[in-house]
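Lettering follows sequence order; numbering is per chain, from 1.
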Protein chains: 2
Amino acid sequence: MTTLTDIAREAHVSKMTVSRVINHPEQVSADVRELVEKVIDSLGYTPNRAALALTQSRHYVIQFLILEDIETVEPYYAKLLIYLAEELQRLGYSLEIGHNRQVEVNHVDGLIVVGGRQTDIPFLQTLGKPVVTYGSLGPAIPFVDVDNSLGTYMATTYLLEQGIENIYYVGVKLPEYFALARLVGYLGAINKFQTPRHVHQILNNEKQAFQLIRHLDIKPNSAFVAATDRIAMGLLNGLALNKIKVPETVSVIGFDGIFLNQITSQRLTTVQQPLKEIAQALIDSLLVQLEGQPAENRLLRPHLVFGGTTIDHQPNLVPLVET
Amino acid sequence: MTTLTDIAREAHVSKMTVSRVINHPEQVSADVRELVEKVIDSLGYTPNRAALALTQSRHYVIQFLILEDIETVEPYYAKLLIYLAEELQRLGYSLEIGHNRQVEVNHVDGLIVVGGRQTDIPFLQTLGKPVVTYGSLGPAIPFVDVDNSLGTYMATTYLLEQGIENIYYVGVKLPEYFALARLVGYLGAINKFQTPRHVHQILNNEKQAFQLIRHLDIKPNSAFVAATDRIAMGLLNGLALNKIKVPETVSVIGFDGIFLNQITSQRLTTVQQPLKEIAQALIDSLLVQLEGQPAENRLLRPHLVFGGTTIDHQPNLVPLVET
DNA sequence: TCGCATAATGGAAACGCTTACAATGGTTTC
DNA sequence: GAAACCATTGTAAGCGTTTCCATTATGCGA
């Protein structure tokens, strides 16, 4: 590894001058600066992170902390992680993965937390580091989230504008903000259009959604707005079992976009999370906090992506991912 | 942050003694050791990673390097990452995510590489760090992999033992080891049972598999062994379109297990990657290399997981994931 | 009783970098 | 033309830890 000292020796200057060329180039005379820069290029210098961390007590490490159980972990995190890693790399940071609450965070500058519950708030606060959550845990902790209400509002409005009268909402029975927000979006659209409301709340799994269909007396000219793609998939299975045709008889819209890059027999129409924008906003929030300023919460606009579970009177907006 | 010096001051010893209590406790007398340990506990000391890295030039960081394009990234990496993070944390290491070939690895002790091609070998070698790949790139670089041949062998044998005569193999047309190995496993079973062979090679996407079905004259009493779950899903879609019933008329077995935690209308019977064991083996390989010893390659045994695309004469071995 | 080996502890230097301050020399100011 | 200034460069110390060597104390054999 080439160090500042190596460069200094080669350029016949002190290592302070080299350091200045890197950090405060305006303080160095042009000719010396050019000389040092040439030597840096030829020797291929990269600063030693440990030494930097030691003097600046900045580690240039962000941790992505997954608080979910391994079996329930969202597969689209893989994609989010790559967006985060790319952007952080551009900024000179590296991205670290953490799981569970026993993580050691002394060497970390800030945390992006996913899968947390409201009960995790005290834990996150005691870390004493900038934290941003993906999905709100409440006002105590800065967050970035998809605009959940807008998402279900868009989905419901879309269906209503197609002339569908009965929109069933199948929500998640959890005391979390996103569950409430998604319900609110549905109710907002229903109120605006003055149509009957049908709300059902279940746990977020396909089985429960599947079983719900059995107990439902589905009226003609209907559609489902599901709070999650998992629920939507369960509904689809239930509808298939009851020989109810999708989308001819009943439309279904999900939320999240987790099955987007799969061409299953039936692609789900869904409210897609804007993962790239979310990654960017999460990073922005941490950087702002690292500057010592308060971070603003961000609600990002989701996109309605048309699959095969709605009758689309507009063109398929998103091409199939695979070629 | 409490430092060695803080502990030393509080315990009225030099910081060297404290350092020894942590690293070479046998060199410290029992009473001093106990005293220092008590102070460490009460002040809650954790060593400063940067300082450690500076003296030892060991950073206790492992990078998970994803060389795939973001759109083709495997969703099951999320699960693999968590297994890796958990185990590495136990060992005092942290796990970092890298994407693309511009990564800076000076601060990293070793790399776990996924999604690489054979053309990446020179790049990986120039890093000058211990590397292990998930999936073999050839003998030049230590690897851990599922036993691909065994997987397709198990799948094919299982179908043959059910009395199915015509087993179609739909492989991946790529010059990569895994593609060849999976084909070999199929051929091995075919040879052993002296049944007709039907090999087709396509690109690894659902569309191609879907289209393949159209051009195929499928004989009665048949089954498909697909080289990947993606191909299997495409085959299923194609079969559905042609009104061929699965599994009643034709069975299908995939490979990888990427759709395992989804209850789609039809769960795929597949050869599952043993992710937890793979994570462990990847880490073992790096640790061995960090000791300066040569790492042995590992081929791990996959599991046949029964879904709804085979007629199972044995009980469903894996329960549905969601409860 | 003395010398010596051994155990237990401490001090100093080093890892690579930055911050804070000092030194140098040229230029401005009156 | 001397004082003050500024631009440019260098020196020293310190971040938290370890390795290496020095010091002190203890116990043992002769």
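Qualifying side chain to side chain donor-acceptor pair (under 3.5 Å) partners for B:N297, counting only residues two or more places apart in sequence or in other chains: none. Under the rule for a side chain to side chain donor-acceptor pair (under 3.5 Å), the partners of B:Q289 that lie at least two apart in sequence or sit in another chain are B:S285. Under the salt bridge (charged side-chain N to carboxylate O under 4.0 Å, His left out) criterion, B:E87 pairs with B:R90, not counting sequence neighbours. Take A:R117 and apply the side chain to side chain donor-acceptor pair (under 3.5 Å) test, not counting sequence neighbours, and it matches no residue. Under the rule for a salt bridge (charged side-chain N to carboxylate O under 4.0 Å, His left out), the partners of B:D6 that lie at least two apart in sequence or sit in another chain are B:R9.
Using a 4.0 Å cut-off, some side-chain N or O of A:S29 falls inside it from OP1 or OP2 of D:dT9.
Heavy-atom contacts from other residues, nucleotides or ligands closer than 6.0 Å to CD of B:Q125 number more than 12.
For A:Q56 and D:dG14, the CD to C1' distance is 14 Å, given to the nearest whole Å. In this structure, the CZ atom of B:R33 is 13 Å from the C1' atom of C:dA7, given to the nearest Å. Computed from coordinates, the A:R58 CZ to C:dT19 P distance equals 12 Å when rounded to whole Å. If you measure from atom CG of B:L52 to atom C1' of C:dG16, you get 15 Å, rounded to the nearest angstrom. Look at NE2 on A:H107: it is 17 Å from C1' on D:dT17, rounded to the nearest Å. As a whole-Å value, the separation of B:Q27 CD from C:dG10 P is 14 Å.
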Result block: side-chain N/O donor-acceptor pairs under 3.5 angstrom for residues 132-139 of chain B, not counting sequence neighbours:
unit_1: B:T133; atom_1: OG1; unit_2: B:G135; atom_2: O; d: 2.9
unit_1: B:Y134; atom_1: OH; unit_2: B:Q273; atom_2: OE1; d: 2.8
unit_1: B:S136; atom_1: OG; unit_2: B:G138; atom_2: N; d: 2.9

Show the atom names and distances, to 0.1 Å, of all donor-acceptor pairs under 3.5 Å that link a side chain in residues 36-47 of chain A to residues at least two apart or in another chain.
unit_1: A:S42; atom_1: OG; unit_2: A:V39; atom_2: O; d: 3.1
unit_1: A:T46; atom_1: OG1; unit_2: B:N106; atom_2: ND2; d: 2.7

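When the nearest nucleotides of DNA chain C are assigned to B:T55 and B:A30 by heavy-atom distance, the more 5′-ward of the two goes with B:A30.
Near DNA chain D, defined here as any heavy-atom distance below 4.0 Å, the residues from residues 38-50 of chain B are B:Y45, B:P47, B:N48, listed numerically. Residues of residues 1-24 of chain B that place a heavy atom closer than 4.0 Å to DNA chain C, in numerical order, are B:V13, B:S14, B:M16, B:T17, B:R20.
Residue B:L54 places its side chain closer to C:dC15 than to any other of C:dA8, C:dT18, C:dC15.
Side chain of B:H99 to main chain of B:E68: a donor-acceptor pair is present (N/O by atom type, distance under 3.5 Å, no hydrogens or angles).
Each end of the helix from C:dT1-D:dA30 to C:dC30-D:dG1 gets its own rotation axis from five pairs of C1' atoms, and the angle between them is 60° to the nearest 10 degrees.
Sequence neighbours left out, the pairs with a member in residues 25-34 of chain B that pass side-chain hydrogen bond (donor to acceptor under 3.5 Å, both in side chains) are B:S29-B:D31. Within the structure, salt bridge (Lys or Arg N to Asp or Glu O under 4.0 Å) pairs that include any residue of residues 91-107 of chain B comprise A:R49-B:E104, B:R101-B:D120 (at least two apart or interchain).
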